[in-house]
Amino acid sequence: MAQPLSDTKPAAFSMSVRVRFAPSPTGALHIGGVRTALYNYLFAKKNGGTFILRIEDTDQNRYVPGAEDYIIESLKWLGITPDEGVGFGGDFGPYRQSERQALYEKHAHDLVARGKAYYAFDTPEELEELRKSRDNFTYNYQERTRLKNSLNMPQEEVRRRLDAGEACVIRLMVEPGQDIHIHDLIRGDVVFQSSELDDKVLLKADGMPTYHLANIVDDYQMQITQVIRGEEWLPSTAHHVLLYQAFGWEDQMPQFAHLPLILKPVGNGKLSKRDGAKFGMPVFPLDWEGGAGEEKFAGFRETGFLPAAVLNFLALLGWHPGNDQEIFSPNELVQAFSIEHISKGGARFDYEKAKWFNQQYIHASSDAELAERIRPAAAARNYRTDTEYLTQIAGLMKERVTVIPDFVEQGYYLFEPVSGYDDEMIRKKWDAALQPAMDTLIGAIEAQEPFAAPELEEMVKQYLQENGIKPGAVLPLLRLALAGTMKGPAVFEMAVVLGKAETVDRLKNGLQYFNQVVDSPAG
RNA sequence: GGCCCGUUCGUCUAGGGGUUAGGACGCAUCCCUUUCACGGAUGAAACACGGGUUCGAUUCCCGUACGGGCUACCA
């Protein structure tokens with residue numbers, strides 16, 4: 001249920017920190033956006049403040065169904081859940097800008113009434129024509145005198161056009177000759193000359209506000225204390241300062257912090273959604289399924305990353321703790337975070353590092369926790385999914401995987417019969433002369449009680465020693481028979497997890513296959 | 001083009017007027033292990049360039065180069 005629009009002046013400016021993450025629901029939430037959300041979240045939590053989710057859906061043309069849900073689900077998955085906002089309640093709603101339209105419209109007209117803004121009737125086509133025919137056309141203090149706006153039209157004509165419902169926008173009237181100083185929390189002082197600025201559109205012809213208007217009205221009304229956003233907003237911050245001044249809200253203007261961009265792993269430019277497919281890595285938190293014929297993107301979640309690992313990786317991409325610590329739990333991140341330690345320069349997206357973080361988190365997870373994470377992947381392949389077995393698999397495999405699906409992909413032979421043998425290694429290791437010894441050994445294994453790794457290992461090694469066989473001649477064969485590959489967990493642990501019957505079965509089948517391979521010509 | 005931001009190993013970064021310029025990922029070698037990993041050890045690897053300021057600049061200042069962002073009735 002949408003809350004009623006509130007147009008009352010906020011109560012006394014609260015000193016408590018209130019920050020917002022304000023994405024536009026135009027598609028999947030890009031990983032850069034996730035990092036912006038994270039930094040806002042960390043800053044809020046570190047300072048005992050409030051983290052707000054505001055949906056900036058004022059562009060009706062770019063609205064993508066499902067994007068809002070995607071954003072919310074992403075934040076929840078990562079555990080950076082808003083205290084207020086769309087889907088989270090709060091006293092400053094509604095938090096969806098499309099539901100606040102009347103508020104923006106009123107404020108835009110107020111600005112006109114107070115001589116800070118004006119109506120402009122130039123059509124988009126006319127302006128485009130001007131931009132095409134003139135090199136550096138900007139709708140500014142010089143140009144506005146010869147364009148179709150309320151500044152240089154008779155009052156009656158303006159009235160008439162307005163009454164006739166003629167399409168028009170409201171533009172901010174930027175006066176030349178002022179220096180606009182911004183003290184950015186990350187970059188320090190930045191100065192803009194107002195004569196360089198254009199008369200930004202505040203209210204579009206469809207009655208919706210532009211980002212510039214909406215974000216000022218909302219940040220003011222929602223009592224935002226710090227605006228932490230991407231670097232791409234730095235240039236328009238001068239307009240935002242002007243707007244706070246025009247409204248007479250400069251006393252409550254939030255502080256600004258403009259984050260560096262996340263760059264492509266190689267080459268030039270910022271990380272784009274296409275880079276995911278290009279480099280075979282996720283650049284979104286969750287899978288995104290576009291509609292029919294639309295693009296699909298892989299997510300960190302489905303790729304098999306742990307949310308805490310993604311957070312850790314992202315936090316360190318542009319921020320540092322001031323010491324050598326690399327691994328931070330979400331809580332430690334909150335404690336360590338500070339805006340002063342955010343870098344100024346852009347950071348390249350380093351997927352290798354992301355995988356390393358995930359590996360660290362998998363190692364640090366208990367077998368029981370991992371079992372729960374492996375379960376869906378196992379279920380998807382119709383593997384057994386009982387907790388006891390998955391817990392054992394977790395213990396066996398966790399030191400050699402980087403993402404969750406590795407458990408069932410690399411370790412498929414723990415769930416189903418070996419489907420591919422390393423023939424080259426078999427040729428290297430299998431000697432038919434070993435057959436009798438192997439047969440005896442298999443028999444011994446079958447008789448082994450208890451069927452536990454240390455006992456099994458001792459028994460096998462003792463047998464080998466007594467018969468003068470080098471461990472190196474047989475152990476690899478056991479591994480090959482059990483897993484088909486030379487990679488994998490310790491042989492005897494693997495055998496125990498597979499169980500005696502399966503182990504014996506695989507050994508017998510393996511031997512048969514070995515003979516077959518050696519008999520056939522090398523290929 | 002104009003405006004704004006940035007630049008320390010391949011990458012993420014620490015540092016800061018005098019340091020053997022530190023850590024991490026990745027890479028290489030070795031140890032552990034009769035597998036693969038984990039782990040441990042070692043190594044190669046950086047202050048974009050040019051001018052200042054200074055006894056001394058990687059660090060401060062100015063340029064240049066390079067990179068990036070913005071320049072929409074998109075956010």
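To find a chain, count down the sequence lines: A is the first, B the second, and so on, and within it residues start at 1. Scope of the values below: all heavy atoms of this structure, side chains included, with no hydrogens, waters or symmetry mates.
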Item checked: Options rC5(B), rU11(B), rC3(B), nucleotide nearest the side-chain atoms of Phe192(A) -> rC3(B)
Next item on the list: Quickly work out the Ile342(A) CD1 to rA14(B) P distance and round it to whole Å.
Entry: 12 Å
Next item on the list: Can you run down the ring pair (Phe, Tyr, Trp, His ring centres under 6.0 Å) pairs that involve residues 175-212 of chain A, sequence neighbours left out, and say none if there aren't any?
Entry: Tyr211(A)-Trp233(A), Tyr211(A)-His240(A), His212(A)-His240(A)
Next item on the list: For nucleotides rG6(B) and rG10(B), find the distance between their P atoms and express it as a whole number of Å.
Entry: 23 Å
Notebook entry, point to check: Syn or anti for rC38(B), taking syn as within 90° of 0?
Noted result: syn
Next item on the list: Would you mind reading off the distance between Tyr421(A) atom OH and rU35(B) atom P, rounded to a whole angstrom?
Entry: 21 Å
Checklist line | Out of rU13(B), rG1(B), rA75(B), whichever nucleotide has its closest atom nearest the side chain of Arg62(A) | finding: rA75(B)
Notebook entry, point to check: With respect to the side chain of Arg187(A), which nucleotide from rC5(B), rA75(B), rG6(B) is positioned closest?
Noted result: rC5(B)
Notebook entry, point to check: Glu196(A) has a side chain; which of rG23(B), rC3(B), rA75(B) sits nearest to it?
Noted result: rC3(B)
Check: Where the side chain of Lys353(A) is defined as all heavy atoms beyond and including C-beta, which of rA75(B), rU35(B), rC25(B) is the nearest nucleotide?
Finding: rC25(B)
Item checked: Among Asp218(A), Asn40(A), Asp219(A), the one residue meeting side chain to side chain donor-acceptor pair (under 3.5 Å) with Arg20(A) -> Asp219(A)
Margin query: Is there a side chain to side chain contact (heavy atoms under 4.5 Å, CB included) between His258(A) and Ile186(A)? Walk through the geometry before answering.
Written below: CA-CA 6 Å; His258(A) 289 95; Ile186(A) 294 170; 5.7 Å; no
Notebook entry, point to check: Can you check the Leu234(A) CG to rC4(B) P distance for me, whole Å?
Noted result: 10 Å
Check: Between the base of rC38(B) and the side chain of Arg400(A), is there any donor-acceptor pair under 3.5 Å?
Finding: no
